[in-house]
K.L.:
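Let me give you the structure first, and then I'll get to my questions.
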Amino acid sequence: MAQIYCIANQKGGVGKTTTTVNLAAGLAKIGQRVLMVDLDPQGNATMGSGVDKRAMELSVYDVLLESASIAEAATVPDKLKEAGAPYAVLGANRDLAGAEVELVGEERRERRLKDALAPVQADYDFVLIDCPPSLSMLTLNGLCAAQGVIVPMQCEYFALEGLADLANTIKQVHAHLNRDLRLIGLLRVMFDPRITLQQQVSDQLKAHYGDKVFDTLIPRNVRLAEAPSYGLPGVVFDPSAKGSKAFLAFAEEMVARGLRD
Ligand code: ADP
Ligand code: MG
């Protein structure tokens, strides 16, 4: 059965999409069967995995509206196959923004993704869901479908405050919609050890959250930021870059954690 994780943080630009595509590629590289679900109408994770969001025939929109199955709508991009990091992509584009409105009044509207994943659970080891930066019906679909949330965060002054909001959201969803949901861990991203404040916030995080903080640290690394313009995760675009090596280490940490839990 697949381990299903949401990559979520209500803030934008914190590294959710970068984490999703690089973790997907890292896991694929070490032989895991991975499905990446893009739940953000911006479609950045889709483009960053080598799928043209404007040319897709079927997307996560069709899946949420029950006009296609995941087996029909997900594809493994050729570029990822050639690079030895083949993961399946259930893509998103601007159509998805309309789903929110179209689902109003529908039954089980926050459980559409969960229902759609049920028949493909055995086909994957990991399902990674890239969430939009808000608590929308789309994010709720992600949180209802997942057993855990991975939270990428920058070690900045307000980071801890934002985290309290997110922890509260997870608690609410756990209480009312999905008893399986829990916070898996906090991933420190775009980390620069030369900045004293980042080191301090990182220490505070460890003090408050203990082993909920992943061991792996993702450094700030320009190669990770360049990769999306080539339609590839950094792990594939430049495997030797510092940031790519860190994401590969994170993939290994996730596999080890799965065996432990
Ligand atoms: P989100 O999905 O949370 O909005 P993104 O993953 O799109 O965040 O990241 C925001 C920006 O930061 C992007 O331009 C991305 O390329 C860049 N970025 C993310 N992680 C790193 C990193 N470790 N080093 C350098 N740039 C990064
Ligand atoms: Mg994003």
Side-chain angles (χ1 to χ4, degrees), residues 5-26 36-51 53 59-61 87 89-94 96-97 100 128-136 138-139 141-143 146 149-156 158-159 161-163 165-166 169 184-195 198-199 201-202 205 213-251 253:
Y5 300 119
C6 273
I7 293 58
N9 188 323
Q10 70 276 28
K11 276 180 74 174
V14 292
K16 290 183 291 297
T17 298
T18 305
T19 298
T20 308
V21 299
N22 281 287
L23 178 57
M36 194 284 292
V37 179
D38 191 352
L39 267 189
D40 189 335
Q42 288 186 56
N44 293 344
T46 303
M47 297 293 278
S49 301
V51 175
K53 65 181 176 184
S59 70
V60 69
Y61 169 83
Y87 61 87
V89 175
L90 178 57
N93 56 28
R94 279 171 53 195
L96 186 57
E100 191 101 17
L128 303 177
I129 305 169
D130 187 29
C131 290
S134 59
L135 182 62
S136 58
L138 295 170
T139 302
N141 261 274
L143 294 174
V149 184
I150 295 170
V151 183
M153 56 184 304
Q154 285 169 262
C155 290
E156 289 172 345
F158 289 115
E161 212 167 291
L163 211 51
D165 293 342
L166 186 64
T169 301
I184 297 295
L186 309 172
L187 179 66
R188 294 162 291 169
V189 299
M190 299 191 224
F191 194 76
D192 184 344
R194 291 166 305 183
I195 301 176
Q198 292 209 2
Q199 198 62 60
V201 173
S202 172
L205 269 184
V213 182
F214 289 112
D215 294 335
T216 309
L217 260 166
I218 308 296
R220 183 172 284 283
N221 178 213
V222 70
R223 300 299 270 172
L224 291 175
E226 287 168 352
S229 60
Y230 297 86
L232 287 172
V235 163
V236 171
F237 171 62
D238 183 356
S240 66
K242 225 167 44 166
S244 305
K245 286 183 176 160
F247 272 116
L248 207 54
F250 182 46
E253 184 177 354

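Counting convention: from 1, in listed order, for ligands and their atoms alike.
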K.L.:
What residue and atom, counting heavy atoms only, is the protein's closest point to atom 8 (O) of ligand 1, and at what distance?
P.N.:
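Closest protein heavy atom to atom 8 (O) of ligand 1: G15 N, 3.0 Å.
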K.L.:
Can you report which non-hydrogen protein atom sits closest to atom 23 (N) of ligand 1, along with the distance?
P.N.:
P219 O, 3.0 Å
K.L.:
Strictly less than 4.0 Å: does any protein heavy-atom distance to atom 13 (C) of ligand 1 fall in that range?
P.N.:
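No, because not a single protein heavy atom sits under 4.0 Å from atom 13 (C) of ligand 1.
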K.L.:
Measure the distances from the heavy atoms of V189 to every atom of ligand 1 and state whether one is below 4.0 angstrom.
P.N.:
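Flag not set, V189 not near ligand 1.
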K.L.:
Determine whether any heavy atom of N221 lies closer than 4.0 Å to an atom of ligand 1.
P.N.:
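It does, in that a heavy atom of N221 comes within the 4.0 Å cut-off of ligand 1.
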K.L.:
Can you classify the ring geometry of F250 versus F214 as parallel (below 30°), tilted (30 to 60°) or perpendicular (above 60°)?
P.N.:
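F250 vs F214 ring planes: perpendicular.
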K.L.:
So does Q42 have any N/O/S atom less than 2.8 Å away from the Mg ion (ligand 2)?
P.N.:
no
K.L.:
Give the residue and atom name of whichever protein heavy atom lies nearest to atom 19 (C) of ligand 1, and the separation in Å to one decimal.
P.N.:
T18 OG1, 3.2 Å
K.L.:
Is at least one protein non-hydrogen atom found at under 4.0 angstrom from atom 25 (C) of ligand 1?
P.N.:
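It does: a protein heavy atom is found less than 4.0 Å away from atom 25 (C) of ligand 1.
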K.L.:
Does the protein put any heavy atom within less than 4.0 Å of atom 16 (O) of ligand 1?
P.N.:
yes
K.L.:
With a cutoff of 4.0 Å, is P228 in contact with ligand 1, counting heavy atoms of the residue only?
P.N.:
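Checking ligand 1 against P228, which is what was asked, there is no heavy-atom contact under 4.0 Å.
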K.L.:
I want to confirm something. Looking only at heavy atoms, which of K11, E226, M190 is nearest to atom 27 (C) of ligand 1?
P.N.:
M190
